[in-house]
Every structure is written in structure tokens, then in C-alpha cells.
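Notes for the one structure printed next.
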Amino acid sequence: MKRAEEGGGRPPIRISVVVPTKDRAPEVRALLSALERQTLRPDEVIIIDAGTPAPTEPPDARGSLKVRRLSAPPNVCLQRNIGAGAASG
């Protein structure tokens with residue numbers, strides 16, 4: 001499904017999903033899998049990982065999502081702000 005352009009010459013709406021996490025690799029994989037199944041997918045997913053020993057990585061390259069992984073200290077408020085600052089949507 002394509003995003004409809006809004007009237008008035010405005011650019012289309014972009015959607016970014018910001019995911020603060022620490023030690024939640026299975027949950028993040030499940031989230032990414034669910035996002036891939038959506039009819040209208042986000043333009044980007046930004047994972048802000050707070051030092052997970054085994055970094056939370058996106059699923060296989062077969063996925064259709066644009067996923068970025070950033071690192072931050074374990075502080076959910078800081079992680080959200082970092083993700084919002086990095087988001088393009």
C-alpha cells in the first residue's frame with residue numbers, strides 16, 4: 001500500500017518507530033516481524049540498545065524494513081530522546 005500524498009503540496013507523512021531496549025532480543029525480533037506484516041509499514045525502525053551483551057540485531061536481510069541500531073546508556077528517557085532525534089519521520 002502506498003502512502004497517499006496530502007493536499008496542499010505537503011510531503012507525505014513519514015512514520016518512524018523508536019524502540020528503547022536492553023536484553024530483549026526475542027521481543028525486538030517479534031516486534032520487527034509484526035511490523036513487517038503490516039499493510040502500511042514504518043519508513044524506519046530505530047532500535048536504541050542499552051548495552052545488551054549480544055546486540056539486538058534486525059532479522060534476516062530478507063526483511064523489508066529499514067532498521068538502524070544505536071547504542072545508549074540504560075536510561076529509557078534518554079534512549080527515547082536519542083531515537084526521536086535520529087528519526088526522520
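Treat the numbers as computed from the prediction; the structure is a model and nothing was measured.
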Is there a chain of hydrophobic side chains (I, L, V, M, F, W, Y, each step under 4.5 Å between heavy atoms) that links Val17 to Leu32? yes
Is there a path of hydrophobic side-chain contacts, each under 4.5 Å between heavy atoms of I/L/V/M/F/W/Y residues, joining Val45 to Val18? no
[atom1]/[X] to [atom2]/[Y] distance, rounded to the nearest 0.5 angstrom?
| X | Y | atom1 | atom2 | value |
| --- | --- | --- | --- | --- |
| Asp49 | Lys22 | CG | NZ | 8.5 Å |
| Ile48 | Thr21 | CD1 | OG1 | 9.5 Å |
| Leu65 | Leu31 | CG | CG | 9.0 Å |
| Leu70 | Ile82 | CG | CD1 | 7.5 Å |

What's the verdict on salt bridge (Lys or Arg N to Asp or Glu O under 4.0 Å) for Glu44 and Arg68, showing C-alpha distance, side-chain angles and the deciding distance? CA-CA 8 Å; Glu44 65 183 348; Arg68 290 194 294 162; 3.6 Å; yes
Least distance between heavy atoms, Gln79 atom then Pro20 atom: CB-CB, 3.6 Å
What's the shortest heavy-atom distance between Ser16 and Gly89, and which atoms? OG-N, 2.8 Å
Set of side chain to side chain contact (heavy atoms under 4.5 Å, CB included) partners for Asn75, sequence neighbours left out: Cys77, Leu78
Val67 and Arg69: side chain to side chain contact (heavy atoms under 4.5 Å, CB included), yes or no, with the steps? CA-CA 7 Å; Val67 179; Arg69 181 184 173 274; 5.8 Å; no
Is Asp43 reaching over with its side chain to a backbone N or O of Ile15, donor-acceptor style, under 3.5 angstrom?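 The answer is yes, because a donor-acceptor pair under 3.5 Å joins these two groups.
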Is there a donor-acceptor contact under 3.5 Å linking the side chains of Arg37 and Ser33? yes
